[in-house]
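What's counted below: heavy atoms across the whole structure, side chains too, no hydrogens, waters or symmetry copies. So you know, we letter chains A, B, ... as the sequences are listed, proteins then strands, and number each from 1.
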2 protein chains.
Amino acid sequence: MSSKKDIDNNFAAIEPGERRGAPGLSDIARLTGVSKMTVSRVLRGGTGFSEETAQRVLSEARRLGYVPSRLASAFAADRASTLVGVCVPRLTSGLFGNVLDGLDRALSRLGFQMMIGCSNHSQPEEEEWVRHIVSWRPAGVILAGRSHSIGTVQMLSTSGIPVVEMWDLTTSPIDLSVGFSHYDCGVEMARFALQKGRRRAAYLGAHSRSDVMGQSRLEGFAAALEEAGHPLVETEILEDAPSFYAGFYGLEILLARQPALDLVYFHNDEMAIGGLAFCQSRGLRVPEDIGIVGWGGMEAASILPKRLTTTVVPTTGLGKQAAQALVARIRGEPTRRVIAVRTKLIEGETI
Amino acid sequence: MSSKKDIDNNFAAIEPGERRGAPGLSDIARLTGVSKMTVSRVLRGGTGFSEETAQRVLSEARRLGYVPSRLASAFAADRASTLVGVCVPRLTSGLFGNVLDGLDRALSRLGFQMMIGCSNHSQPEEEEWVRHIVSWRPAGVILAGRSHSIGTVQMLSTSGIPVVEMWDLTTSPIDLSVGFSHYDCGVEMARFALQKGRRRAAYLGAHSRSDVMGQSRLEGFAAALEEAGHPLVETEILEDAPSFYAGFYGLEILLARQPALDLVYFHNDEMAIGGLAFCQSRGLRVPEDIGIVGWGGMEAASILPKRLTTTVVPTTGLGKQAAQALVARIRGEPTRRVIAVRTKLIEGETI
DNA sequence: TGCACTTACGTTACCGGTAAACCTAACTTG
DNA sequence: CAAGTTAGGTTTACCGGTAACGTAAGTGCA
């Protein structure tokens, strides 16, 4: 048929002398008059060739601008041995930005590349991403959080790919876990507040989608206060993103209900800074009239005129540790399954 | 030799009956009694097979938990047709976090995966990353910024990979450019300030490494003021990271040198917020005594008690547009080489 | 009845690099 | 001087999926 012929003609339109793609080992081999295998050995720094051959090969490779196809070598090895998949709940979070930075620094130094995905706090989206990444046969995978869909866990377990679950700690990881305990953060902050003489504390949270981690902090905070005989006076969980603005108006709500508070523990630093702004707008003195404490260690929180009391999460360090644990696992070195990183309570000027 | 024998024994330690890796097309083919090719056709939704065969293949694929190897298909096609490389100067920047978010949403919806790198504002590091990504033969590459090393430009040009340079606009891109003009941002802010009656403006910058973009804003700002007959009164570029703290103490320096300013244009919103904090600490009224304007559209800037006047950069939208332009290019659809996105001057309450 | 056409497959070759096996000539060494 | 060793290679097979092409059985129609 004529249509078929036309199509054939179109595909035949490649110029005979023209280079079709990137130069490969065989191009170098042909031009230097040795075999592909010798070229491969020279370029990977092996043995079994003369100095002269090596020079010819290297100069020809340079001249052609040869870049090896990782696709081919990964394929040959049946796994993309320098690829690590990383999935975080949000790309816009300052905290996760730092975690990614730590991961990137550590992984790229160790010769790995990151393929990044974002779950938007959604398990189905995470599972979708895991399916994609598994199809790339990566050397390892890093997931944020410890709760995943059944499909996610199954795919990762059966594939045999090393996995690190990071951020909040789990004692029964798919493979490895690197993180810290949100519950303990809450406990530590409660004890610190008590030590500072606070007796009427409230908690102001906000839950965006499935962020259950704030909940653990609240539980730890409440339990420690309870134990000391000064239970939590008030709790409010806003149906909103945990932003500056939520902290501002949330504190207004909280104080309207219960004016006699001497401390508010916020979901995070952004909300706490919002709370500070609210206090300022109402002439409430911090820390004299009310104490404000946050969580997370936002950079801005440490350089405010009045430094915020908060729990600093070692984000960059966490990324680094997660990367190191994963790489150790990939290399088959012995690794602890659960690695706890230390958060640090920073005493600012708001309590 | 005995050592060789030992090694052989170690490598022979794989159990005969055990699965060595992930199941492939040939496993499904063997188990259903058809050829690899038929399985491939069924799984990719082609034609040329019976309904009954399709069902057998599909159920067997499900049973085995088959995940196709993108490594193999990408390799066969001689390019990783669903892989896009993205390199940003910093992973910890709020602005770039949003750009990445926009990119990720658009790219994943279109069926692409992102491989991310970070140049740390360093051209050698960027070049290093480009070498890595080119070795993956990606469908496209997105770089932040418009100035790159010669090696970077050469590798990308000769590889024929579609490239988008995003963030600041260039009229002579390697391939495509999506961004906005920092110079125009400066001009626009100057005109706005003049319209608001400001006559004695200063600029406070900070240069971290090779961030030359702030420089363009300063140039546009200064030129527009000059043209109107009210030239820039004072300029200070701090040798520091452009942070909240730099804004705070930088303004102090500026006012010590030149107390009679009625406007300060800051490198970015973080610095501007620092400047606001300084004014507050000194009892300077904003905007009555002095106007404070920033750049970038930090989220926190819009929810401060006193909304900051600033230029909002459509970060997420920029990512989306960059992704769409790149994908259009990859698909061979006609595309404009230079796509300008609009920044927006937001009139807050600080001028 | 015979020939074209369709359906439902199967076969082969190939992508680029690498492991493993093999080869050959020169050089040792007992 | 034969046997062994080494340097410096080459050849072959393979990774898993896909394009291109081949083919046998069935189907429709003049």
* To do: Compute the angle between the rotation axes at the two ends of the helix from dT1(C)-dA30(D) to dG30(C)-dC1(D), each taken over five pairs, rounded to 10 degrees.
  => 50°
* Asked: Whole-Å distance between dG16(D) P and Leu64(B) CG?
  -> 14 Å
* dC14(D) P sits how many Å from Phe75(B) CZ, rounded? -> 15 Å
* Asked: When the distance from CZ of Arg137(B) to P of dC15(C) is rounded to whole Å, what number comes out?
  -> 14 Å
* To do: For residues 98-112 of chain B, pull every pair meeting side-chain hydrogen bond (donor to acceptor under 3.5 Å, both in side chains), keeping only residues two or more places apart or in separate chains.
  => Asn120(A)-Arg105(B), Asp101(B)-Arg105(B)
Check nucleotides 10-12 of chain C against the protein and report each pair of N or O atoms closer than 3.5 Å, with its distance, or say if there are none.
from, atom 1, to, atom 2, distance (Å)
dG10(C), OP1, Ser35(B), N, 3.4
dG10(C), OP2, Ser35(B), N, 2.7
dG10(C), OP2, Ser35(B), OG, 2.5
dG10(C), OP2, Thr38(B), OG1, 2.7
dG10(C), N7, Arg41(B), NH2, 3.3
dG10(C), O6, Arg41(B), NH1, 3.3
dG10(C), O6, Arg41(B), NH2, 3.2

* Does a donor on one side chain sit under 3.5 Å from an acceptor on the other, for Ser149(A) and Glu127(A)? -> yes
* Structure fact -> Here the distance between atom P of dG17(C) and atom CG of Leu25(A), to the nearest Å, is 4 Å
* May I ask you to test the Leu31(B)-Arg63(B) pair for a side-chain heavy-atom distance under 4.5 Å? => yes
* Structure fact -> Sorted by chain and residue number, the ring pair (Phe, Tyr, Trp, His ring centres under 6.0 Å) partners of Phe75(A) (sequence neighbours excluded) come out as Phe75(B)
* Round to a whole Å and report the spacing from CG of Leu71(A) to P of dG17(D). => 14 Å
* Asked: Got a sec, which residues hit ring pair (Phe, Tyr, Trp, His ring centres under 6.0 Å) with Phe112(B), two or more places apart in sequence or on another chain?
  -> none
* **Residues in side chain to side chain contact (heavy atoms under 4.5 Å, CB included) contact with Ser50(B), at least two apart in sequence or another chain** => Glu52(B), Thr53(B)
* To do: Sequence neighbours left out, what passes side chain to side chain donor-acceptor pair (under 3.5 Å) with Ser69(B)? Give chain and number order.
  => none
* By side chain to side chain contact (heavy atoms under 4.5 Å, CB included), which residues pair with Arg329(A), not counting sequence neighbours? -> Pro162(A), Asp175(A), Leu176(A), Thr335(A)
* **Side-chain N,O (Ser40(A)) to OP1/OP2 (dT18(C)) below 4.0 Å** => yes
* Pairing residues for Ala77(A) by the side chain to side chain contact (heavy atoms under 4.5 Å, CB included) criterion, not counting sequence neighbours -> none
* Asked: In residues 43-59 of chain B, which ones come under 4.0 Å of DNA chain C, going by heavy atoms?
  -> Gly48(B), Phe49(B), Ser50(B), Thr53(B)
* Not counting sequence neighbours, list each pair that qualifies as a side-chain hydrogen bond (donor to acceptor under 3.5 Å, both in side chains) and has a residue in residues 135-145 of chain B. => Arg70(A)-Ser135(B), Gln113(A)-Trp136(B)
* Asked: Is the phosphate of dG17(C), meaning OP1 or OP2, less than 4.0 Å from a side-chain N or O of Tyr66(A)?
  -> yes
* To do: Please identify each residue that fulfils side chain to side chain contact (heavy atoms under 4.5 Å, CB included) with Ser59(A), with sequence neighbours left out.
  => Arg62(A)
* To do: Find the distance Arg70(A):CZ to dC15(D):C1' and express it as a whole number of Å.
  => 18 Å
